[in-house]
Amino acid sequence: MKARFEILRHRRGAAESRWQRVEIELPDENATVATALAAINARPDLKDAEGAPVGHVAWDCSCLQKKCGACAMRIDGVPRLACDTRLSELGAGPVRLEPLKKFPVVEDLVVDRTAMFDNLRQLHSWLDREVRLREDQVDVAYEASRCLQCGCCLEVCPNFMPGERFAGTAALPPLARLIEELAPSKKEEVYRLYTRRVYEGCGKSLACRNICPAGIDVEKLLVNSNAIAVWKRMGKR
Amino acid sequence: MNNERINIVGAGLGGLAAAIRLAEAGRPCRLISLQPSERAQSVLAEGGINAALDLMGEGDTPEEHCADTLKGGVYLADPNAVAGLTRGAPDIVRWLAGLGVPFQMENGGMIQRSFGGQKKRRTAYARSSTGKALMTALIDAARRHEASGLIERWPHHAFAGLTVEGGVCVGLRVRDAWTGEGFALPGRVILCSGGLNGFFPERTTGTVANAGDVTATVFAQGVRLANLEFIQYHPTTIGISGKRCLISEAARGEGGRLCVRRGGELWYFMEELYPELGNLMPRDVVSREMTRVVRREDCEGQVYLDMRALPAEIWARRLSDLREECRHYLAIDPAAELIPVEPGIHFFMGGIDVDANHRASLPGLWAAGECACQYHGANRLGANSMLGAIYGGQRAADDLMAQPGLDAGEPVSLGILPPMEAPGDDAFALELRDALLGGLGMLRDAARIEAALAAVDALAARADTERCRNRLALGRAMLLAALSRRESRGAHTRTDFPERDEGFRKTTVISRRGDAIAIEYRAIPEEVEA
């Protein structure tokens, strides 16, 4: 199949980005955006629509099976994982590839998602004691464990900006996993942080509802964490 | 006591386990990785983690876990190292549960399931995403020490080489992949950099980020490697765009059966050939039998995994992700249809040669996890890899702390370094892969391996960067190890030497001497009573 792309290229440290049109023939009918990018990078001779060398397209990639969150980018304007986006579902193209816009761009499709990880540290997202999960807690803990920290939910959120108070939905699953099991000495501090930096910042737009590549039920986690941290309703004992 | 900051390369299970162990003892470290922990290959591990907790009341013991592991590895693993691993396993799983890992529970308690090569239900698991659940818990546990400053993350940094002074590893060099700035980091080094997937792009179940460059670089620096010929082909993988996707062994542990069409009927060949363990024979055996049945004239050349008889409860509670994967990638509902499967490259038993304390041949250097050669012998048992990574990371950290430290020092900038990758690298990697696969497939013989060596040598003229030259040397080393071992054992099957030869019950030791590669054999350590 012939795949056509418009890729927003950004050189390291450059002030501006520019669009580049690239066409490539792919043998695989099931090719994804990720495999197309890999194919482009395996063709150092490839020229763009203007006859200039395409050059190496920088993008983050690791598992290629939607379990690591590395390859999150905007594909035709929607934040998605490149490895989970089949070209056949995108129409005739050209497919527009851009880096996530909420984060500073490093190079081409690579962005700096440091703010997302900083938020988790600032929110004290860890346990200070050994826990013993009850059987009825396993489902929430499992669901919460599945978060990829890819940033797609933050990209669509009207309330999130890196560095601002609202930590966004990406902070929710890690906290939701632990929030019922915090050490008594730490509980109030984390509840306060959660209320201030997650609960109060969420505008309930639910823009993040169907965007999660892992299909995490964010509403369920949100309701669960709100009940514990904000409304102080504890689970059954 | 000094305040040396230990350097850990790789932020998957092995690296995190080592970092947390150091931090719990108050020792500072740097956790260096090209991508955040969430992107590590460990998140892909599905089926579970073995420990003789005996929660199923079958009288399981660490000794039995040890015996199964040694047998599964066809007696090439160090029996003392494996005994330590299996004795340590129950405490590791308890520790993980204490970190809030949502292990599967029933009637108020944790349960365990069956995995290949083991007669007892010994595998603790979190549905079909155990690796992800473990990683999330360890990432949170490490974060606590990041906040205190004991663990210092060096994300988006690539390993550029060890710093060796007077025959001792005293630090390493890294390059910031975002800015190009290089740094010399003082302190001893633990490598947890994963397997050699990058040598077989599109053909492995692992992540492409485990490029194998760290191993290739330290090999060029004189660090010894071992058992490179042992490459595990997992029996049940499916081809998806750009890679092989694993169908977890849990599929068979929960009742999935392998079959092939013969004379219009389904033949469940593993059950007929191996009545005791059937579909749960060790992976090397299953993959070999699959290769044999597809070549038989009376069989139609495709093996299927039949999971149609599994109860709805199992799908919902234990294999939900696996079912979703089949639907997503193959448009097949495994609860109703057969899944076409093929063996695919899954794990590298060989790697950096380490002793039972995870010390490499270079003083000041340790290695753990898939980049190291330890525990798995000629074939790894399912659900032993995450255990080996965590135990290995902890053991390396413990051993390192028991030794005199280096004088502390601060990172030194090396200015802007040129990128290690060059534009033609990805194309070169595909050519190297094709050359290697000729000699490192599931069935090997001298003629194929020699042809592969010639193909690799023919690429030498085009290896115009240090990275490519190092990769080429490691590729040659894999082939030479396969050529030298004139027997069949575990994952290494030589059609010209089909029998196991006890004279080869030895570790293959691989060293680089200048441009030459030397292959030697070392006796397996004697078993010492615990």
Side-chain angles (χ1 to χ4, degrees), chain A residues 12-13 28 30-32 34-35 38 41-44 53 55-56 60-70 83-84 86 106-107 110 112-114 117 120-121 124-135 137-142 144-150 173-174 177-178 181 215, chain B residues 35-36 38-41 43-44 95 97-109 126-127 129 131-133 135-137 139-147 153 155-156 177-180 201-202 206-210 240-243 245 324-325 328-329 421 423-424 426-427 429-430:
Chain A
R12 252 164 243 239
D28 181 1
N30 286 319
T32 61
T35 42
N41 284 340
R43 287 272 311 276
H56 190 269
D60 274 333
C61 169
S62 183
C63 81
L64 283 178
Q65 58 182 93
K66 60 174 184 151
K67 286 191 175 174
C68 83
C83 68
D84 189 32
R86 286 199 186 113
V106 174
E107 182 181 10
V110 177
D112 177 356
R113 289 174 269 192
T114 305
F117 300 104
L120 290 170
R121 263 192 296 275
H124 293 213
S125 186
W126 62 80
L127 287 166
D128 273 312
R129 62 166 184 174
E130 195 178 318
V131 300
R132 203 180 165 86
L133 289 188
R134 300 186 314 272
E135 196 171 344
Q137 293 174 305
V138 166
D139 275 351
V140 164
Y142 181 81
S145 290
R146 295 174 56 242
C147 175
L148 307 178
Q149 294 294 311
C150 64
R177 192 181 76 85
L178 327 159
E181 291 299 321
Chain B
Q35 300 201 58
E38 283 80 357
R39 323 287 183 238
Q41 177 175 290
V43 303
L44 292 178
W95 174 64
L99 295 176
V101 171
F103 283 118
Q104 196 81 19
M105 295 172 86
E106 260 172 28
N107 303 319
R127 296 197 196 172
S129 295
K132 179 65 183 162
M135 282 295 289
T136 299
I139 289 167
D140 285 342
R143 188 178 292 120
R144 175 183 174 193
H145 301 295
E146 289 168 38
R153 288 256 182 194
H156 54 85
W178 287 0
T179 66
E202 302 175 18
T207 83
V208 297
N210 287 0
I240 66 171
S241 192
K243 74 175 299 189
C245 177
E324 199 279 325
E325 250 166 35
H328 178 78
Y329 290 116
E421 304 84 20
D426 292 356
L430 293 173

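Side-chain atoms are counted along with the backbone in the values below, which use heavy atoms only and exclude waters and symmetry mates. Convention: sequence-line order gives letters A, B, ...; per-chain numbering from 1. Bear in mind that the values here come from a model prediction, so they are computed numbers and not experimental data.
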Lys/Arg-Asp/Glu bridge criterion (N-O < 4.0 Å) met for A:Asp60, B:Arg39: no
Heavy-atom donor-acceptor pair, A:Gln137 side chain to B:Pro102 backbone, under 3.5 Å: no
Check: A:Cys61 and B:Val208 side chains under 4.5 Å, non-hydrogen atoms: yes
Part of B:Glu324 within contact of chain A (heavy atom distance under 4.5 Å): side chain
Test log, rule side-chain contact (heavy atoms from CB on, under 4.5 Å), inputs B:Glu38 and A:Phe117: CA-CA 11 Å; B:Glu38 283 80 357; A:Phe117 300 104; 3.4 Å; yes
Within-4.5 Å side-chain heavy-atom neighbours: A:His56 and B:Asp426: yes
Any B:His145 side-chain heavy atom under 4.5 Å of A:Trp126 side chain: no
Heavy-atom pair of closest approach, residues B:Arg144 and A:Asp128: NE-OD1, 3.2 Å
Heavy-atom check, side chain of B:His328 versus side chain of A:Asp84, under 4.5 Å: yes
Side-chain (A:Lys67) to main-chain (B:Gln41) donor-acceptor, under 3.5 angstrom: no
Short side-chain to backbone donor-acceptor contact, A:Arg12 and B:Trp178, under 3.5 Å: yes
Top contributor to chain B contacts, counting heavy-atom pairs under 4.5 Å, from A:Arg132, A:Arg43, A:His124, A:Arg86: A:Arg86
Between A:Ala42, A:Ala31, A:Cys147, the one whose heavy-atom pairs under 4.5 Å with chain B are most numerous: A:Ala42
Residue pair B:Arg127 / A:Asp139, side-chain heavy-atom distance below 4.5 Å: yes
Main-chain N/O of A:Ser145 paired to B:Thr136 side chain as donor or acceptor, under 3.5 Å: yes
